[in-house]
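Computed from a prediction, not measured in an experiment: that's the story for all the values here. Throughout, a chain's letter reflects where its sequence line sits, starting with A, and its residues are numbered from 1.
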Number of protein chains: 2
Amino acid sequence: MSQERNTEEQIIAAAKKIFSAKGLAGARMQDIADEAGINKAMLHYYYRSKEKLFEMVFNEALDRLLQRLSNAINTNLPLTEKIREIVRSYIEGLMENPHVPLFVLNELQQQPELLIKQFRSKPSFPNIQQFLMEIAVAGEKGLIKKVSPIQLMLNILSMCVFPFVAKPLVKGVTGIDEVQFKLLVEERKQFVADFILTAIQP
Amino acid sequence: MSQERNTEEQIIAAAKKIFSAKGLAGARMQDIADEAGINKAMLHYYYRSKEKLFEMVFNEALDRLLQRLSNAINTNLPLTEKIREIVRSYIEGLMENPHVPLFVLNELQQQPELLIKQFRSKPSFPNIQQFLMEIAVAGEKGLIKKVSPIQLMLNILSMCVFPFVAKPLVKGVTGIDEVQFKLLVEERKQFVADFILTAIQP
DNA sequence: GTCTATAGCTGGATAGAC
DNA sequence: GTCTATCCAGCTATAGAC
């Protein structure tokens, strides 16, 4: 009689937690086993090696990150409302998994090939080109100011993601605590959207 | 006869390179020794342990990061020009050390106490409160729109730093190469400043 | 499927010659 | 100060009993 499903899921959940907290190099198989409430040997029984387990977790994390981006970008709204929606839903998604971006970005820095594995066969890969085109067209039509589409997209992403990546620094420099930080981020859904829309007003 | 100075500096330079590329956990003392062109034992002769060496490198990196921020914030200019100057000089500084922010943010995530060591006796610590006050006052005077000072500051930092932190992702998703990336960042000095100033126009 | 025990290696740290 | 040789802890991974 097997708890296969349960155990596998437990392992993945534990691995996700430990890997994203400590990174590939810093994580210990023992930590993951403890977190999952099972034995170290079981990890190798289900997933052959640390690398394999990591790749599984990492790809899922990257996939979710890109998926969220895709969903936001592909909504069928006029550009300005779409931007508001992107900001809202992206920040909301990050609030649920606040340490994922730093984890992903850090591992991508060290092994940029990791991204390439996502290209293959992934429908989650965001259709950036279409969104960039949309910005360009809206600029031509005078719906928004004419701006470099890539720069604008970078600005949007920056302001959504950065606070999560820099959380300890932000808390340290400003002196705010966890509760205030949560509030700050919550406020940002509105603030960032307004900020962007004002900046690109025609 | 000693190459003390030279060797010490060589070690620090090598350690900086390896640590910021691979992080504390991922770096190997052997890598650092190779990079410095010396023997592994020498590292322990000059700096007792891996941790000590790391702390030295890390503190210097964090210090420089905060110093740059301080310098930009403390210039004696009217707020709008100051913002333009902050963006310009901060991005320029990051172009010279593009991997430092991710390195620092990542290690801070894993050991937030590392920041506290900077508090002590560091005049480089940026006088954030004064800058926030300046924003509030400018809002009251109608020089800029009334906005949450912290949110505005976060926006400024986000747009400057994020592209460096997310470099591999940006390159992967947009498909641009190294040269185009450099150009993109160069352009940002202007673009981001204009973007911000437009957004906070009264 | 799950556990204990252990093999085998990697890497930080030290001893000791020069 | 610098090097070679080596120790030893910690870790991944596997063998083998249940």
Sugar-phosphate only, base, or nothing, as touched by B/M42 at under 4.0 Å among non-hydrogen atoms: base
Sugar-phosphate, base or nothing in reach of B/A27, heavy atoms under 4.0 Å: sugar-phosphate
N/O (side chain, A/Y45) to phosphate O (OP1/OP2, D/dT14) under 4.0 Å: no
Below 4.0 Å: OP1/OP2 of C/dG12 and any side-chain N or O of B/R28: yes
Flag if over 12 foreign heavy atoms under 6.0 Å of NZ, B/K82: yes
Atom-to-atom span, [atom1] of [X] to [atom2] of [N] - whole angstrom:
X     : N      : atom1 : atom2 : value
A/E8  : C/dG1  : CD    : P     : 8 Å
A/R48 : D/dT12 : CZ    : P     : 16 Å
B/N39 : C/dG11 : CG    : C1'   : 14 Å
A/K40 : C/dA5  : NZ    : C1'   : 10 Å
B/K50 : D/dC8  : NZ    : C1'   : 17 Å

Residue A/M29, side-chain heavy atoms: nucleotide from C/dA13, D/dT12, D/dG1 that is nearest: D/dT12
Selected nucleotide, minimal atom distance to A/T7 side chain, candidates D/dT12, D/dT2, C/dT2: C/dT2
Charged N-O contact under 4.0 Å between B/E60 and B/R64: yes
Geometric class of the B/F195/A/F195 ring pair [parallel <30°, tilted 30-60°, perpendicular >60°]: tilted
Comparing A/H44 and B/G37 on DNA chain D - which has the more 5′ nearest nucleotide: B/G37
Validation row, ring centre B/F19 to ring centre B/F54 under 6.0 Å: yes
